[in-house]
Amino acid sequence: MTNSEIATVFLNMADLLEMKNDNPFKIRAYRRAAESIKQLPREMSTMLAAGEDFREIPGVGEAVATKSEELLRTGRLAAYEELKAGMPPGVLDLMAVPGVGPKTAYRLAAELDVRSVDDLERAAADGRIASLTHMGEKTAEKILREVRAFRRKDRRYPLGAALPAVEEIMAALRKVPGVRNLTPAGSLRRFRETVGDIDIMATAADPEAAIAAFVGLPQVVEVLARGTTKASVLLPGNLQADLRIVAHESFGSLLQHFTGSRDHNIALRAFAQRMGLSLSEYGIADAMGKIETFTDEASFYGRLGLAFIPPEVRENQGEIDLAAHGALPRLLEPGDVRGDFHTHTDWSDGQATLEEMAAAAEALGYEYLVVTDHSAGLGIANGLAADRLRSQAERIRAINRTRKRTRLLAGVEVNIKADGRLALSDEALAELDVVIAAVHSSLSQSEQKMTRRVVAALENPHVDILAHPTCRLIGRREPASLDMAAVIEAAARWGKALEINAMPDRLDLNAAHIRQARDRGVMLAIATDAHAADHLSLMRFGIGTARRGWCGPKDVLNTRRLGEVLAWLRRPA
DNA sequence: GCCGTTTTCGGCCCGACTGTTTTCAGTCG
């Protein structure tokens, strides 16, 4: 049973308890524990096998620890089954519809025998919902609208699609006179790999002009709401974007509030409360109720005695305590990056020539660019066998003689075959500056098999970096089942680096695994997997993901100078 | 149910919006 399955059980328990009007703080405790479990960097099954205490997990105490263990050992939870048995069937499913919470779901299930979203739509359409006490026509209409939107709406959007959309909108709004402080908020600002909708905040001399410009953008498909300081629109693909024009004096607290995460804000308010202060989006109130306002986030956090907390780590994962002690790590910044470790050219399936890639790397000011075309082998277009690889390395050396600013390193992305052997001989690999190894096929192997396979590749003394370790494609392909703790352990033992693949649809490793690897002292290499010259600019997605994994410059290989990188590559096997 | 540089008991984040209501409950972020 995975962490996310366990978390779902506790979230469902919280909903069921809420339907029964149980103690709201108990309900919140279950939700907090679930959130904490969902964000764990390690599988609870692994922790159980290692004999670790679940009560070390924030928000998890005696009860949740025992229940988690029961779930892991038996696959069921008696208390949960009992709770469900006392409730109308299907009641939890109704809550998938926005606007239908536990109380509404329970009433509809109990009083109208609504058991599914389909039932819900019928009950809303035929007047039964409107006939209930404390509900009416408007409630029924809203539910009907939400059910239909729910059916056609894609849930979350990949950051790689949302971020360019936001930048386009902001570029247009920047041209509106008097618009200042344009900043994205929400999960996009925190660099989550997917976002639910887009939130943009700004101050403006003439808010209504800013709103008018926003709803008038050419990419707007539909205007959902338009007020004097806030508007919501639908972009292509049903992506919702909100613009909020806020007062300048409260911009800091408002941006902080709308950046979240929810859990970070809850924890921050609890922290403030212990100081006798009360937080809201409008500022910080003292015991007398006097509100102090903040024009920027740093002074808002500062008033609480906290260092500025970067948006990427605002997930209630210990950042508040560290900020209170001035002990937050300095996170990686774009200017720290000196090169890229995973790129393709037209020698295999890339689009650009070696020279074009070198020129693009120079334009970025890189000290080095590692060329890692695919190896020959199973299912990979135009992969290089040993002889072509040798020719490419010669060509690279020739280019290095003419270009001084960026050094090309000869590498390969060698395929890890289904049995864990590599697609190139040790002799061929030995001639190269950098070897990255990656799985590309047989992705549905069992966890044991896949783990053994990847660990075997890491064990090869010529392999330097494991690329896109889980092979996931966000929204399209689930990660391969892989015991990441074992992979990290292997990388630590043999001094290998793990890749943070910066392709926005990969972002692999993910933030939780990055933090786990970093905490274990494993080197990380951020790489774009570029298949064209302009893909080198995707590095920022890798940097954002590394920041979500708490990485600073020393945790990341490509912050090193060329000489240090070459020394690292010669490390003893 | 969880948790402790105010507590092992007594607290637990805050505000807006909506709809159905004579004062508030539910939902959301």
Side-chain angles (χ1 to χ4, degrees), chain A residues 10-11 13-15 17-19 21-37 54-68 79 83 94-108 129-143 145-146 185-190 195-199 201 225 227 229-230 232 240 242 244 246 250 253-285 287 289 291 304-305 314 316 320-321 324-325:
Chain A
F10 290 129
L11 288 175
M13 283 188 76
D15 290 337
L17 290 169
E18 194 166 357
M19 290 173 196
N21 283 315
D22 210 309
N23 176 0
F25 299 108
K26 179 170 158 184
I27 292 161
R28 188 181 303 167
Y30 273 118
R31 296 218 170 102
R32 168 154 152 70
E35 202 53 46
S36 202
I37 287 168
F54 291 149
R55 283 171 302 186
E56 299 288 310
I57 302 165
V60 173
E62 184 62 41
V64 172
T66 309
K67 287 182 168 69
S68 301
L83 209 45
L94 307 183
M95 292 178 53
V97 177
V100 179
K103 297 288 165 62
T104 309
Y106 179 70
R107 284 197 65 200
L108 295 176
I129 290 180
S131 73
L132 293 179
T133 58
H134 296 279
M135 296 197 196
E137 280 302 331
K138 287 193 169 174
T139 308
E141 272 170 38
K142 178 169 157 51
I143 288 176
R145 237 184 2 257
E146 292 289 1
S187 49
L188 183 129
R189 180 158 180 252
R190 303 199 314 278
V195 302
D197 54 20
I198 289 175
D199 258 315
M201 305 192 42
T229 60
K230 187 196 156 185
S232 296
Q240 185 179 329
D242 297 351
R244 292 169 202 277
V246 305
S250 296
S253 54
L254 280 152
L255 178 61
Q256 196 286 326
H257 175 77
F258 285 108
T259 296
S261 64
R262 194 182 82 250
D263 289 336
H264 173 82
N265 286 355
I266 288 171
L268 194 67
R269 283 173 175 166
F271 179 85
Q273 211 168 51
R274 293 196 287 274
M275 303 171 67
L277 300 172
S278 167
L279 306 187
S280 80
E281 55 264 54
Y282 299 110
I284 300 180
I291 294 181
L304 299 172
R314 296 183 195 168
N316 192 26
I320 294 172
D321 274 350
H325 296 97

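Letters go in sequence order (proteins before strands), and every chain restarts at 1.
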Asks: Between B:dG11 and B:dA16, how far apart are the P atoms? Round to whole Å, please.
Replies: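 Comparing P positions in B:dA16 and B:dG11 gives a spacing of 26 Å.
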Asks: Whole angstroms only, please: what is the NZ-P distance between A:K230 and B:dC17?
Replies: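 Taking NZ of A:K230 and P of B:dC17, I get 9 Å after rounding.
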Asks: Name the closest nucleotide to the A:Y282 side chain, picking from B:dA16, B:dG1, B:dT20.
Replies: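 Selected nucleotide (nearest to the side chain): B:dA16.
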Asks: Which value, in whole Å, describes the distance between the P atoms of nucleotides B:dT22 and B:dC17?
Replies: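 Here B:dT22 and B:dC17 have their P atoms 22 Å from each other.
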Asks: Work out how far the P atom of B:dT20 is from that of B:dG15, and round it to whole angstrom.
Replies: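 Straight-line distance between the two P atoms is 26 Å.
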Asks: Quick one: does A:N265 reach the base of B:dG29 with a side-chain donor-acceptor pair under 3.5 Å?
Replies: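 When only heavy-atom distances are counted, A:N265 does not reach the base of B:dG29 through any donor-acceptor pair under 3.5 Å.
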Asks: I'd like to know if the side chain of A:R55 reaches the main chain of A:A65, judged simply by a donor and an acceptor atom lying under 3.5 Å from each other, with no hydrogens or angles considered.
Replies: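 No; zero donor-acceptor contacts below 3.5 Å.
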Asks: Round to the nearest Å and state the distance from A:D15 atom CG to B:dG26 atom C1'.
Replies: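 Computing the A:D15:CG to B:dG26:C1' distance gives 13 Å.
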Asks: Rounded to whole Å, please give me the gap between CZ in A:R244 and P in B:dG29.
Replies: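 Atom CZ in A:R244 sits about 10 Å away from atom P in B:dG29.
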Asks: Regarding A:P24, tell me which of base, sugar-phosphate or nothing describes its non-hydrogen contacts under 4.0 Å with the strands shown.
Replies: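 Nothing, no heavy atom under 4.0 Å.
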Asks: Minimum heavy-atom separation for A:R32 to A:G59, with atom names?
Replies: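 Smallest interatomic distance, heavy atoms only, reads NH2-N, 3.7 Å.
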Asks: Which pairs, protein N/O on one side and nucleotides 3-11 of chain B N/O on the other, fall under 3.5 Å?
Replies:
residue: B:dC3; atom: OP1; partner: A:G59; partner atom: N; Å: 2.7

Asks: With rounding to whole Å, what would you report as the distance between B:dT8 and B:dC2 at their C1' atoms?
Replies: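 Roughly 12 Å separates the two C1' atoms.
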Asks: To the nearest Å, how far apart are A:L254 CG and B:dC14 C1'?
Replies: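 Going from CG in A:L254 over to C1' in B:dC14 covers 13 Å.
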Asks: If you compare all heavy atoms of A:P98 against all heavy atoms of A:E146, which two are closest, and at what distance to 0.1 Å?
Replies: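 Scanning both residues completely, I find the closest heavy atoms to be O-CG, 3.4 Å.
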Asks: What's the NZ-P distance between A:K142 and B:dC17, to the nearest Å?
Replies: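 To the nearest whole Å, that distance equals 14 Å.
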Asks: Determine the contact category for A:L268: base if any of its heavy atoms lies under 4.0 Å from a base atom, sugar-phosphate if only primed atoms, P, OP1 or OP2 are that close, otherwise nothing.
Replies: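 No contact at all - A:L268 keeps every heavy atom at 4.0 Å or more from the nucleic acid.
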Asks: For A:E141, answer base if it contacts any base atom (sugar-phosphate contacts may also be present), sugar-phosphate if it contacts only those atoms, and nothing otherwise; contact means non-hydrogen atoms under 4.0 Å.
Replies: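 Nothing, no nucleic acid heavy atom in range.
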Asks: Let's test this: given Watson-Crick or G-U wobble pairing with both distances under 3.5 Å, identify the partner of B:dT8.
Replies: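 Paired with no nucleotide.
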Asks: For a 4.5 angstrom cut-off between non-hydrogen side-chain atoms, does A:I37 reach A:F10?
Replies: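 Yes, side chains in contact.
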Asks: Can you work out whether A:N21 or A:R262 has the more 5'-proximal nearest nucleotide on DNA chain B?
Replies: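 First, find each residue's nearest nucleotide; the 5'-ward one identifies A:N21.
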Asks: Regarding A:N316 and A:E35, is there a side-chain donor-to-acceptor distance under 3.5 Å anywhere?
Replies: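 Note: A:N316 and A:E35 side chains miss the donor-acceptor criterion.
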Asks: How long is the line joining CD1 of A:I129 and C1' of B:dT20, in whole Å?
Replies: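 The answer, rounded to whole Å, is 15 Å.
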Asks: Could you check whether A:F258 gets within reach of a base, just the sugar-phosphate, or nothing at all, counting any heavy atom under 4.0 Å?
Replies: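 Since no nucleic acid heavy atom lies under 4.0 Å of A:F258, the category is nothing.
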Asks: Using the P atom in both, what is the distance from B:dC9 to B:dC14, to the nearest Å?
Replies: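 Between the two P atoms, the distance is 25 Å.
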Asks: Measure from CE on A:M19 to P on B:dG26 and round the result to the nearest Å.
Replies: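 Those two atoms, CE and P, are 12 Å apart.
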Asks: Of all the nucleotides listed (B:dG26, B:dC2, B:dG19), which has the minimum atom distance to the side chain of A:K138?
Replies: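 Nucleotide nearest to A:K138's side chain: B:dG19.
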Asks: CD of A:E146 versus C1' of B:dG26: gap in Å, rounded?
Replies: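 So the CD-C1' distance, A:E146 to B:dG26, works out to 14 Å.
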Asks: Show me the protein contacts with nucleotides 21-24 of chain B, counting only N or O atoms at under 3.5 Å.
Replies:
residue: B:dT21; atom: OP1; partner: A:H134; partner atom: N; Å: 3.3

Asks: Quantified in whole Å, what is the C1' atom distance between nucleotide B:dT23 and nucleotide B:dT18?
Replies: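 One C1' to the other, the span is 15 Å.
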Asks: Counting distance only, does the side-chain N/O of A:S261 pair as donor-acceptor with the main-chain N or O of A:R314 below 3.5 Å?
Replies: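 Here the side-chain-to-backbone pair exists.
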Asks: Would you find more than 12 non-hydrogen atoms of other residues, nucleotides or ligands less than 6.0 Å from A:Y106 atom OH?
Replies: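 Incorrect, the count does not exceed 12.
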Asks: When you measure from the side chain of A:S280, which nucleotide among B:dC2, B:dG15, B:dG29 comes out closest?
Replies: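 Closest of the options to the side chain of A:S280: B:dG15.
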Asks: Between A:S36 and A:R31, do the side chains contain an N or O donor and an N or O acceptor separated by less than 3.5 Å?
Replies: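 The answer is no; no qualifying pair exists.
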Asks: Using a 4.0 Å heavy-atom cut-off across all strands, classify A:Y30 as base, sugar-phosphate, or nothing.
Replies: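 Sugar-phosphate, backbone atoms only, no base.
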Asks: Would you check if there is a donor-acceptor pair between the side chains of A:T259 and A:R189 at a distance under 3.5 Å?
Replies: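 Yes.
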Asks: Heavy-atom nearest nucleotide on DNA chain B for A:A65 versus A:R145: which residue maps closer to 5'?
Replies: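 It is A:A65, whose closest nucleotide lies nearer the 5' terminus.
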Asks: How close do A:A272 and A:L279 get, heavy atom to heavy atom, and via which atoms?
Replies: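 For A:A272 and A:L279, the tightest heavy-atom pair comes out as CB-CG, 3.6 Å.
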Asks: Ignoring hydrogens, what is the shortest heavy-atom contact between A:T133 and A:R107? Give both atom names and the distance.
Replies: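 Shortest heavy-atom separation between A:T133 and A:R107 comes out as O-NH1, 2.8 Å.
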Asks: OP1 or OP2 of B:dC14 versus the side-chain N and O atoms of A:S278: is any pair under 4.0 Å?
Replies: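 For A:S278, the contact criterion (side-chain N or O under 4.0 Å from OP1 or OP2 of B:dC14) is met.
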